[in-house]
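A note on names: the letters A, B, ... follow the listed sequences, proteins ahead of strands, and every chain is numbered from 1. These values consider heavy atoms only, across backbone and side chains, with no hydrogens, waters or symmetry-generated copies.
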Amino acid sequence: MDFKLEVAKKISSLADMETEKAMELMEIPPQPNMGDYAFPCFQLAKVMRKSPNMIAKDLAEKIERDDIVEKAEAAGGYLNFFINKTGFIKHTISQILDQGSKYGSSKEGEGKTVLVEFSSPNIAKPFHIGHLVNTITGNAIEKIFKHLGYNTIKLNHLGDYGTQFGKLISAYKRWGNDEIIEKDPINELLKIYVKFHEEAEKDPTLDDEARLYFKHLEDGESEAIALWQKFRELSLKEFKKLYVDFNIEFDSYTGESFYSDKMPEVVEILKDKKLLKESSGAQIVDLEQFNLPPCLILKSDGATIYATRDLAAAIYRKRTYDFYKSLYVVGNTQALHFKQFFSVLELAGFEWAKDCVHIGTSLVKFADRKLASRKGDVIYAKEVVDEAVEKTLEIINSKNPNLENKEEVAKKVGMGAIIYTFLKNNMGRDIVFSWEDMLTFEGESGPNVLYSYVRGKSILKKAGNISGNADFSYLKTEDEFNIVKQLGSFKETVEQAAERYEPFVITRYVTDLAKAYNKFYNSHPILSAEEEVKIARLALTKAVCNVLTTGLGLLGIQTPESM
RNA sequence: GCGCUUGUAGCUCAGUUGGAUAGAGCAACGGACUUCUAAUCCGUGUGCCGGGGGUUCGACUCCCUCCAGGCGCACCA
């Protein structure tokens with residue numbers, strides 16, 4: 001039973017309005033003492049040609065009291081509903097305890113496949129903080145859609161192709177040392193790659209050599225392929241360490257190289273549709289009708305480019321997965337590229353182009369470049385994780401030195417802090433990175449939410465097995481009702497997060513829920529309350545912990561049992 | 001120059017499709033641990049919602065314009 005829907009039905013039956021329309025219009029009053037739901041009568045005023053005030057008053061008189069609505073009163077042009085608290089509390093908590101981790105899920109996604117492309121690091125390049133933001137965001141998006149019943153597929157579109165691999169092969173053959181590379185593959189490969197660039201400035205024949213090696217790679221020459229595979233595997237092994245830390249498993253690691261033989265078809269399709277045009281020796285698709293700059297398909301030397309690869313990948317994915325939606329979680333800075341590439345798909349007659357969505361993740365900037373990193377001008381993902389876990393361990397040692405599995409807990413909490421920080425605000429803004437913000441564990445922070453959870457868990461543990469059913473009429477305080485109201489809006493919250501492609505909606509939700517529970521926790525005893533009250537409050541606590549776990553889980557944050 | 005995006009409290013940010021007195025955290029000050037983990041809670045105040053027009057019963061929200069920051073504008077990805 002959905003209380004909001006029931007109220008909407010009542011309005012619908014009394015006023016000349018569809019239930020759905022009433023649902024849309026209904027809001028939550030700014031002050032809790034004004035009611036639980038509010039229906040604005042301003043739109044009705046036009047149709048009924050009466051003042052909103054009058055309409056609200058008329059309706060208020062006609063609304064009958066029952067186990068849904070306790071009372072309805074007119075205020076200004078609003079009709080404010082006070083729902084039957086006991087009924088609502090009982091219904092909500094029972095539902096949560098019944099459904100467990102399924103609470104807030106839905107069937108809207110049944111039978112629909114959603115692809116989520118994210119992370120996509122470049123082979124032999126370090127995984128920096130920008131990749132981390134992207135990885136964390138994509139992971140949350142995927143989990144949110146999965147919770148709504150969609151069949152989700154996680155794609156890691158590795159940057160494993162391109163002329164830079166010719167350079168890397170050349171560099172490796174000159175200066176590569178397997179022993180050092182085995183130890184620290186990515187940094188060492190990066191080092192020789194950088195050295196190659198330096199040397200190539202002095203000696204341009206190196207670039208010719210690199211081009212040759214890339215040609216070998218394209219032609220499938222065995223030595224080049226073997227080296228490329230080696231670089232790829234070593235890098236992937238490193239990346240996977242981080243994915244394991246964050247508990248992320250991809251369904252596919254087919255990167256750019258996978259599509260290298262699928263691009264001629266794209267060019268053929270575009271030719272057939274007469275979309276290709278020559279411009280300064282290159283082949284482009286004109287996008288003037290979309291008010292966009294042209295999309296480059298073939299370079300003037302006839303080679304393909306990233307747009308070509310993305311087109312090939314999109315077509316391949318549609319054939320392979322027949323997706324309902326294909327989400328590209330990629331940095332905001334590439335917005336134009338995606339607009340162009342989606343427009344080309346549309347021009348080529350693929351009606352599913354509208355199902356492709358670019359989710360632009362925030363750009364990470366530094367507040368103070370000097371303090372940006374201990375090592376150089378980029379911050380590595382590993383550096384951030386290590387720092388957060390270490391800081392967490394320090395705090396545990398000072399606040400709860402006898403805790404078991406300190407390391408394990410520190411990892412969960414520290415990484416939770418990072419995820420929380422990155423998914424705290426909407427993606428429209430840049431993230432200004434500062435160690436201070438990242439390692440603040442008070443107020444609106446991941447550890448704070450986890451702390452609320454852990455305290456609840458601790459109470460449940462101490463209570464042991466409770467016999468008998470809870471009588472929710474014992475939950476009489478305002479603080480308790482506020483928690484339940486919060487609990488009841490979880491499903492809407494998940495749906496909104498999916499609709500907006502914004503995980504921060506969930507972050508705010510768990511924060512508010514934790515806040516409501518903390519307030520209650522601080523002023524009402526649970527274990528020492530009278531038996532009936534205690535049982536009811538324990539059920540409430542269990543429901544809160546349940547929803548916190550689920551909500552945090554959607555963000556990719558794991559909950560420790562104690563901290 | 002063009003396009004996208006952001007501008008809300010000292011700082012970091014929320015503000016659902018236009019709605020009631022614009023809200024949180026941090027920072028500052030004061031208070032609450034013999035009581036379920038004080039990484040918590042309670043209290044104190046601050047806003048020409050970037051500026052100016054317009055639309056309407058009503059605008060932080062929609063439209064126009066200007067200002068400021070960020071990002072992007074084909075042979076890198």
Starting at [atom1] of [X] and ending at [atom2] of [N], how long is that distance when rounded to a whole Å?
{"X": "A:Ile395", "N": "B:U40", "atom1": "CD1", "atom2": "P", "result": "10 Å"}
{"X": "A:Gln486", "N": "B:A24", "atom1": "CD", "atom2": "P", "result": "13 Å"}
{"X": "A:Glu495", "N": "B:U17", "atom1": "CD", "atom2": "P", "result": "15 Å"}
{"X": "A:Glu492", "N": "B:U16", "atom1": "CD", "atom2": "C1'", "result": "10 Å"}
{"X": "A:Tyr517", "N": "B:A39", "atom1": "OH", "atom2": "C1'", "result": "16 Å"}

Exercise for the section: Using only side-chain N and O atoms of A:Asn426, determine if any of them is under 4.0 Å from OP1 or OP2 of B:A14. Expected result: yes
Flag the pair [X] / [Y] as yes when at least one side-chain heavy-atom distance between them is below 4.5 Å, and no otherwise.
{"X": "A:Glu492", "Y": "A:Gln496", "answer": "no"}
{"X": "A:Lys339", "Y": "A:His358", "answer": "no"}
{"X": "A:Lys412", "Y": "A:Thr392", "answer": "no"}
{"X": "A:Leu538", "Y": "A:Ile526", "answer": "yes"}

Practice task
Hey, could you give me each pair passing salt bridge (charged side-chain N to carboxylate O under 4.0 Å, His left out) that has a residue in residues 519-528 of chain A? Not counting sequence neighbours.
Solution key: none
Problem - Closest listed nucleotide, where the reference is the side chain of A:Lys462 and the choices are B:C36, B:G15, B:A14 - result: B:C36
Expressed in whole Å, how much space separates the [atom1] atoms belonging to [N] and [M]?
{"N": "B:U61", "M": "B:C71", "atom1": "C1'", "value": "24 Å"}
{"N": "B:C76", "M": "B:U6", "atom1": "C1'", "value": "27 Å"}
{"N": "B:C4", "M": "B:C11", "atom1": "P", "value": "29 Å"}
{"N": "B:C29", "M": "B:U65", "atom1": "P", "value": "48 Å"}
{"N": "B:A27", "M": "B:C33", "atom1": "C1'", "value": "24 Å"}
{"N": "B:A24", "M": "B:G15", "atom1": "P", "value": "15 Å"}
{"N": "B:C66", "M": "B:C75", "atom1": "C1'", "value": "38 Å"}
{"N": "B:C36", "M": "B:A28", "atom1": "C1'", "value": "32 Å"}

Exercise for the section: Using the closest heavy atom to pick a nucleotide of RNA chain B for each, name whichever of A:Ile431 or A:Phe441 lands nearer the 5' end. Expected result: A:Ile431
I'd like a table of atom pairs between the protein and nucleotides 20-23 of chain B - only N or O on both sides, under 3.5 Å - with the distance next to each one.
| unit_1 | atom_1 | unit_2 | atom_2 | d |
| --- | --- | --- | --- | --- |
| B:A20 | N6 | A:Asn80 | OD1 | 3.2 |
| B:A20 | N1 | A:Asn80 | OD1 | 3.4 |
| B:A20 | N1 | A:Asn80 | ND2 | 3.3 |

Report which part of the nucleic acid [X] touches: base, sugar-phosphate, or nothing (heavy-atom distance under 4.0 Å, all strands).
{"X": "A:Val505", "answer": "nothing"}
{"X": "A:Pro40", "answer": "nothing"}
{"X": "A:Ile297", "answer": "nothing"}

Practice task
Apply salt bridge (charged side-chain N to carboxylate O under 4.0 Å, His left out) to A:Lys424 and list each qualifying residue two or more places apart in sequence or on a separate chain.
Solution key: none
Practice task
Summarise protein proximity over nucleotides 25-31 of chain B in one line of letters, 5' to 3': B for base, S for sugar-phosphate only, - for none, counting protein heavy atoms closer than 4.0 Å.
Solution key: SS-----
Handout entry: Reading 5' to 3' through nucleotides 69-77 of chain B, protein heavy-atom contacts under 4.0 Å coded B for base, S for sugar-phosphate only, - for none
Key = -SSSSBBSB
Problem - Partners meeting ring-ring contact (aromatic ring centres under 6.0 Å, His included) with A:Tyr420 (sequence neighbours left out) - result: none
Return the polar atom pairs (N/O with N/O) between nucleotides 7-11 of chain B and the protein under 3.5 Å, or none.
| unit_1 | atom_1 | unit_2 | atom_2 | d |
| --- | --- | --- | --- | --- |
| B:G7 | OP1 | A:Arg429 | NH2 | 3.3 |

Problem - No-hydrogen, no-angle side-chain donor-acceptor test under 3.5 Å, A:Thr541 and A:Tyr517 - result: yes
Fill in the blank from the handout: For A:Leu554 and A:Ile506, the nearest pair of non-hydrogen atoms, with its separation, is CD1-CD1, 4.0 Å
Handout entry: Taking every non-hydrogen atom, the tightest pair across A:Ala463 and A:Leu527
Key = CB-CD2, 3.7 Å
Practice task
Give a yes/no verdict on a cation-pi contact between A:Lys167 and A:Phe196, requiring under 6.0 Å between NZ or CZ and the six-membered ring centre and an angle within 45° of the axis.
Solution key: no
Handout entry: Cation over ring face, A:Arg455 and A:Tyr521, 6.0 Å, 45°
Key = yes
Exercise for the section: May I ask you to decide whether A:Glu561 forms a salt bridge with A:Lys461, counting only side-chain N to carboxylate O separations under 4.0 Å? Expected result: no
Exercise for the section: State which residues pass side-chain hydrogen bond (donor to acceptor under 3.5 Å, both in side chains) with A:Ser452; sequence neighbours excluded, sorted by chain then number. Expected result: A:Asn518
Exercise for the section: Determine which pairs satisfy side-chain hydrogen bond (donor to acceptor under 3.5 Å, both in side chains) with at least one residue from residues 275-287 of chain A, sequence neighbours left out, and list them in order. Expected result: A:Lys277-A:Asp286
Specify whether [X] and [Y] have parallel, tilted or perpendicular ring planes, treating 30° as the upper limit for parallel and 60° as the lower limit for perpendicular.
{"X": "A:Tyr306", "Y": "A:His337", "value": "tilted"}
{"X": "A:Phe239", "Y": "A:Phe127", "value": "tilted"}
{"X": "A:Phe341", "Y": "A:Tyr328", "value": "perpendicular"}

Handout entry: Pairing residues for A:Ile395 by the side-chain contact (heavy atoms from CB on, under 4.5 Å) criterion, not counting sequence neighbours
Key = A:Lys391, A:Lys399, A:Phe441
Problem - Positions of residues 518-527 of chain A (non-hydrogen atom under 4.0 Å from RNA chain B), listed by number - result: A:Asn518, A:Lys519, A:Tyr521, A:Asn522, A:His524, A:Pro525, A:Ile526, A:Leu527
Practice task
Report the secondary structure of RNA chain B in dot-bracket form, marking unpaired bases with a dot and bases paired to a different strand with |, and treating Watson-Crick or G-U pairs with both distances under 3.5 Å as paired.
Solution key: (((((((..((((.....[...)))).(((((.......))))).....(((((..]....))))))))))))....
Exercise for the section: Just do the side chain to side chain donor-acceptor pair (under 3.5 Å) check on A:Glu480 and A:Tyr474 with the steps written out, would you? Expected result: CA-CA 10 Å; A:Glu480 287 160 322; A:Tyr474 284 97; over 6 Å; no
